[in-house]
Amino acid sequence: MSDLNKLTIAEARDALKKGDVTSVELTQACLTAIDGADALGAFVHKTPEIALERAATADERIKSGDAPAMCGIPVGIKDLFCTKGVASQAASNILEGFKPEYESTVSGKLADAGAVMLGKLNMDEFAMGSSNETSAYGNAVNPWKVDDRNLTPGGSSGGSASAVAADLCLAATGTDTGGSIRQPAALTGTVGIKPTYGRCSRWGIIAFASSLDQAGPMTKTVRDAAIMLEAMSGHDEKDSTSADLAVPNFEAMLTGDIRGKVIGIPREYRVDGMSDEIEALWQTGRKMLEDAGARIVDISLPHTKYALPAYYVIAPAEASSNLARYDGVRYGHRAKLGRGEGIVDMYEKTRAEGFGPEVQRRIMVGTYVLSAGFYDAYYNRARRVRALIKRDFDEAFAQGVDAILTPATPGAAFGLGSMADADPVEMYLQDVFTVTVNLAGLPGISVPAGLDKQGLPLGLQLIGKPWEEGDLLNTAYALEQAAGFVSKPEKWW
């Protein structure tokens, strides 16, 4: 019974329906695993009472025959999702003590489907980071380890990645603004998909950059990602950017047959500093898909080199606007004032105390590029570059390309603290392969495909056509089958 937390969603779903296990038993196994994994720092708000109550309700639904695929499945929720009556801080001191009176659409859809919330997961503050080191809670730790060094689980969905990789939950929610699902998935040997912008509602997700943010699942397998994504997706009238499109049965599309599919290999993704192991893995992935019957073609995405600069203008600009609402007046942290200090002092002190250094840096960059003298020079120019990046993808797909294969990250997980004092741009380069997907609003998935010479996981990324998550998942499924990645971290926590 103690190994129930190691099941996949698909395995657990089938066992629940057969009556071989109950959701309460599954949930208790996960809660026990969570209690023994404080060293990972993945869960920052545990909700065992809610979990066991929802598990008991799920068991009743299963007995009555009313059991969607996610019914009874224990999951973790990233701290960026508002959860009614449960602390939702976006890993920031400025939202200290905030317990929403409402539920995000995505977490609400999962609850309606019978999923069991185990608690809230660690992340970079306001999703701004690539290593989980900007969290007000302290960083989450990768369950994979080398020479007793603590490694990053990636970011910003680092707690989600760590929890899934360590079998603390069967799956978790993540959000992806510039790679925050796919990069941590690649660094932890898990699967993470960012769906097309608009596939999952953003309502109730604490905003970072509204034109880029998108929720998605982080799971142990591609099949699990298909199951969970279906439950998370759907039109939401409360989100003006939510697409009014039917949600396919993604799992039913997992045939593994990709014969005749055209896979593009973009030459611009061969960047300076990419390790030989990543290059070799990319070539191996190319061969795997070719052997599965796909046709491989070289393509050009010429504006790729401008993606990171454009992203780091647009995202901070939107963050500057979104984070202006945190002033200490209505909720969250409020600074204590000295004699003679007024409301302006309160705003300044509250924001200085509440926001961490990386969030402050991005707010200042965003405010600068939106200022009167620089709006056209920076923000409008970045928006034009964004349109060109999207056009590159549109042209590739128009020429018959079905999916695009790239590395997910420049290398394997790096040591915690190894980049903390470096130039922030070095950290930003972790997103070099992922930000284009957000700028173009496309679906992208990271699939574990191998180990480096230190025994750490490496991932490959597949990029798909808009709204074609089913085809993308099927191509990822074929890659997953060919790669045969079954490695797990050796337990040390």
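In this text, all values refer to a predicted model and were calculated from it rather than measured experimentally. Sequence positions, counted from 1, serve as the residue numbers for this chain.
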Just checking Lys349: does its NZ atom have more than 12 heavy atoms from other residues, nucleotides or ligands closer to it than 6.0 angstrom? yes
For Asp124 and Ser156, run side chain to side chain donor-acceptor pair (under 3.5 Å): C-alpha distance rounded to whole Å, both residues' side-chain angles, the deciding distance at 0.1 Å, then the answer. CA-CA 5 Å; Asp124 281 293; Ser156 65; 5.3 Å; no
State whether a side-chain donor-acceptor pair under 3.5 Å links Asn93 with His333. no
Any salt bridge linking Asp38 with Lys46? Criterion: basic side-chain nitrogen under 4.0 Å from a carboxylate oxygen. yes
Test side chain to side chain donor-acceptor pair (under 3.5 Å) on Asn122 and Asn139; report intermediate values, then the result. CA-CA 8 Å; Asn122 208 345; Asn139 55 265; over 6 Å; no
Counting distance only, does the side-chain N/O of Ser160 pair as donor-acceptor with the main-chain N or O of Thr173 below 3.5 Å? yes
I'd like to check Val271 versus Pro410 (side-chain heavy atoms, cut-off strictly below 4.5 Å). Are they in contact? no
Steps toward side-chain contact (heavy atoms from CB on, under 4.5 Å) verdict (Lys305, Glu268): CA-CA 7 Å; Lys305 62 184 176 182; Glu268 289 81 8; over 6 Å; no
Ion pair present between Asp236 and Lys238, side-chain N to carboxylate O less than 4.0 angstrom? yes
Candidate pair Arg149 and Ser418, rule side chain to side chain donor-acceptor pair (under 3.5 Å), full reasoning: CA-CA 11 Å; Arg149 282 191 303 141; Ser418 64; over 6 Å; no
When the ring planes of Phe126 and Tyr326 are compared, do they come out parallel, tilted or perpendicular, using 30° and 60° as the limits? tilted
Assess the side chains of Thr436 and Thr304: does a donor N or O sit below 3.5 Å from an acceptor N or O? no
Is any side-chain heavy atom of Tyr331 closer than 4.5 Å to a side-chain heavy atom of Arg325? yes
Mind checking the CD1-OG1 spacing from Ile50 to Thr27? Nearest 0.5 Å is all I need. 12.5 Å
Compare all side-chain heavy atoms of Leu442 with those of Val437 and state whether any distance is below 4.5 angstrom. yes
To the nearest 0.5 angstrom, please state how far the CZ atom of Arg362 sits from the CG atom of Leu323. 11.0 Å
Can you tell me how far the CG atom of Leu229 sits from the CZ atom of Arg199, to the nearest 0.5 Å? 7.0 Å
Between Lys78 and Ser157, do the side chains contain a donor N or O and an acceptor N or O under 3.5 Å apart? yes
Atom pair CD (Glu469) and CD (Glu230), whose distance is rounded to the nearest 0.5 Å: 12.0 Å
Looking only at side-chain N and O atoms, does Thr409 offer a donor or acceptor that is under 3.5 Å from a partner on Gln183? no
Is it true that, when you exclude Tyr379 itself, more than 12 heavy atoms of the residues, nucleotides or ligands shown sit nearer than 6.0 Å to its OH? yes
Gap between atom NZ of Lys194 and atom CG of Asp213 - 0.5 Å precision: 10.0 Å
Verify the distance criterion only: is there a donor paired with an acceptor across the side chains of Asn322 and Ser210 at less than 3.5 Å? yes
Which of parallel (below 30°), tilted (30 to 60°) and perpendicular (above 60°) describes Tyr137 and His45? perpendicular
Would you mind telling me which of Ser107, Ser104, Ser88 makes a side chain to side chain donor-acceptor pair (under 3.5 Å) with Thr83? Ser88
Check whether any side-chain heavy atom of Pro217 sits under 4.5 Å from a side-chain heavy atom of Asp224, and report yes or no. no
Tell me if the CZ atom of Arg61 is crowded by more than 12 foreign heavy atoms within 6.0 Å. yes
As an exercise, state the distance from OG1 of Thr177 to CD of Glu318, rounded to the nearest 0.5 Å. 9.5 Å
Evaluate side chain to side chain donor-acceptor pair (under 3.5 Å) for Thr152 paired with Ser131, printing each intermediate quantity in order. CA-CA 5 Å; Thr152 179; Ser131 65; 4.7 Å; no
